[in-house]
Amino acid sequence: MCFDLDSLPPIAPIAGAAVSHEDVVLTSADGTAFAGFSATPHDASEVGIVVLPDVRGLYRFYEELALRFAERGCAALAIDWFGRTAGVGKRDDEFPYMEHVSQTDPDAIQADIGAAAAWLRSPAGGGRTRIFTVGFCFGGRHSWLASAAGHGLAGAAGFYGMPGQRKGQNGPIQLASKMEAPILALQAGADDHITADDNAALERALTKAGVPHDVVTYPRAPHSFFDRRWEEHQAAS
């Protein structure tokens with residue numbers, strides 16, 4: 001798990017910002033319906049951001065984050081991972097997310113991200129022309145992988161994602177040569193699962209592949225430090 005259910009993005013709301021928001025249902029390439037949360041600035045923006053959650057899927061933290069992006073002039077669409085196994089309805093705090101994480105497939109995830117990017121480019125999504133992804137933990141990894149999936153991204157950012165192989169599946173390190181968009185990696189120096197060696201290997205792979213990138217490690221910051229409740233890590237946040 002990345003964030004607790006009562007976590008909040010460490011970004012102050014902008015009082016009086018003109019934004020709108022709505023729950024949406026998108027359709028992936030295989031016909032799967034999956035949930036999203038759209039936040040839209042009042043003023044026109046060419047930027048659209050696909051927000052990729054942690055292993056819990058779409059819940060309050062990412063809806064709040066989408067709103068914070070919109071308040072700052074960027075359209076944002078936070079998506080869910082579990083349309084194929086859990087449908088599109090809202091879930092309670094007892095949702096057994098790990099049962100559904102184990103059923104996800106990297107190709108299906110990228111199909112959903114592609115559908116989200118296409119929605120942001122469409123009239124329904126505001127006709128955004130510069131699409132970015134930003135993800136956290138599970139979503140951070142898949143944000144970087146989105147750079148190699150042919151989505152035409154302007155950039156792919158990830159917080160404390162696993163850069164190497166997992167369960168025999170290639171990660172960003174192995175797929176760096178296929179990446180088309182710049183990479184921003186924001187890693188935790190005190191992560192219990194992602195090591196300094198992992199981050200160094202990502203840096204080497206991106207450099208070798210000629211991918212524009214910035215791999216930043218925050219010393220002493222734990223996994224999931226991007227949380228308003230981590231007062232001692234606000235500088236990193």
Side-chain angles (χ1 to χ4, degrees), residues 2-28 33-83 86-91 93 95 97 109-110 112-140 142-143 146 151-159 161 181 184 186 224 226-229 237:
C2 206
F3 298 111
D4 293 328
L5 288 169
D6 59 349
S7 297
L8 289 170
I11 308 168
I14 297 177
V19 302
S20 60
H21 61 86
E22 63 176 332
D23 295 317
V24 297
V25 176
L26 306 180
T27 303
S28 196
F34 64 98
F37 177 87
S38 168
T40 305
H42 176 74
D43 295 330
S45 171
E46 65 179 353
V47 174
I49 300 173
V50 183
V51 179
L52 305 177
D54 61 65
V55 290
R56 283 189 183 274
L58 182 60
Y59 67 100
R60 178 187 175 192
F61 183 96
Y62 298 102
E63 295 177 352
E64 292 280 348
L65 183 60
L67 289 168
R68 301 293 86 79
F69 277 127
E71 288 167 355
R72 286 154 177 82
C74 300
L77 174 64
I79 68 171
D80 183 55
W81 302 124
F82 308 129
V88 300
K90 296 288 187 179
R91 300 162 193 151
D93 293 352
F95 175 66
Y97 55 91
I109 286 173
Q110 289 305 321
D112 293 353
I113 294 171
W119 186 87
L120 284 167
R121 292 185 174 107
S122 75
R128 317 299 169 182
T129 57
R130 300 182 67 225
I131 307 299
F132 297 81
T133 56
V134 60
F136 296 78
C137 186
F138 185 83
H142 287 290
S143 180
H151 301 315
L153 299 178
F159 285 75
L184 175 61
L186 303 170
S224 74
F226 191 72
D227 184 345
R228 191 176 300 171
R229 300 179 314 158
S237 294

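Quick note: numbers below take in every heavy atom, side chains included, and nothing from hydrogens, waters or symmetry partners. In this chain, residues are counted from 1 in sequence order.
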Practice problem: Using ring-ring contact (aromatic ring centres under 6.0 Å, His included) as the criterion, list what pairs up with F138, not counting sequence neighbours. | Solution: W81, H142

Non-hydrogen atoms of [X] and [Y] that approach each other most closely:
{"X": "S143", "Y": "A157", "result": "OG-O, 2.6 Å"}
{"X": "R128", "Y": "G48", "result": "CB-N, 3.9 Å"}
{"X": "Y62", "Y": "G57", "result": "CD1-O, 4.0 Å"}
{"X": "F34", "Y": "G83", "result": "CB-CA, 4.1 Å"}
{"X": "R56", "Y": "F82", "result": "O-CE1, 3.6 Å"}

In a table with atom names and distances, give each donor-acceptor pair under 3.5 Å that connects a side chain of residues 112-122 to protein atoms at least two apart or in another chain.
from : atom 1 : to   : atom 2 : distance (Å)
D112 : OD1    : S28  : OG     : 2.6
D112 : OD1    : R84  : NH1    : 3.3
D112 : OD1    : R84  : NH2    : 3.0
D112 : OD2    : R84  : NH1    : 2.9
R121 : NH1    : H151 : O      : 3.3
R121 : NH2    : H151 : O      : 2.9
R121 : NH2    : G152 : O      : 3.0
S122 : OG     : W119 : O      : 2.6
S122 : OG     : A124 : N      : 3.3
S122 : OG     : G125 : N      : 3.3

Quiz item: Would you call the rings of Y59 and F61 parallel, tilted or perpendicular, where under 30° means parallel and over 60° means perpendicular?
Solution: tilted

Practice problem: Under the salt bridge (Lys or Arg N to Asp or Glu O under 4.0 Å) rule, what do E63 and R60 come out as? Steps first, then yes or no, please. | Solution: CA-CA 5 Å; E63 295 177 352; R60 178 187 175 192; over 6 Å; no

Practice problem: Output the distance between atom OG1 (T133) and atom CG (L77), rounded to the nearest 0.5 Å. | Solution: 12.0 Å

Quiz prompt | From CZ (F159) to CG (D54), nearest 0.5 Å | solution = 12.5 Å

Quiz prompt | side-chain contact (heavy atoms from CB on, under 4.5 Å) between R91 and D80, worked out | solution = CA-CA 11 Å; R91 300 162 193 151; D80 183 55; 2.7 Å; yes

Quiz item: Considering only heavy atoms from C-beta outward, does the side chain of F136 approach that of L65 to under 4.5 Å?
Solution: yes

Self-check item: Candidate pair I79 and L58, rule side-chain contact (heavy atoms from CB on, under 4.5 Å), full reasoning
Solution: CA-CA 6 Å; I79 68 171; L58 182 60; over 6 Å; no

Practice problem: Applying side-chain contact (heavy atoms from CB on, under 4.5 Å), name anything that partners V47, two or more places apart in sequence or on another chain. | Solution: S45, I49, C74, R130, F132

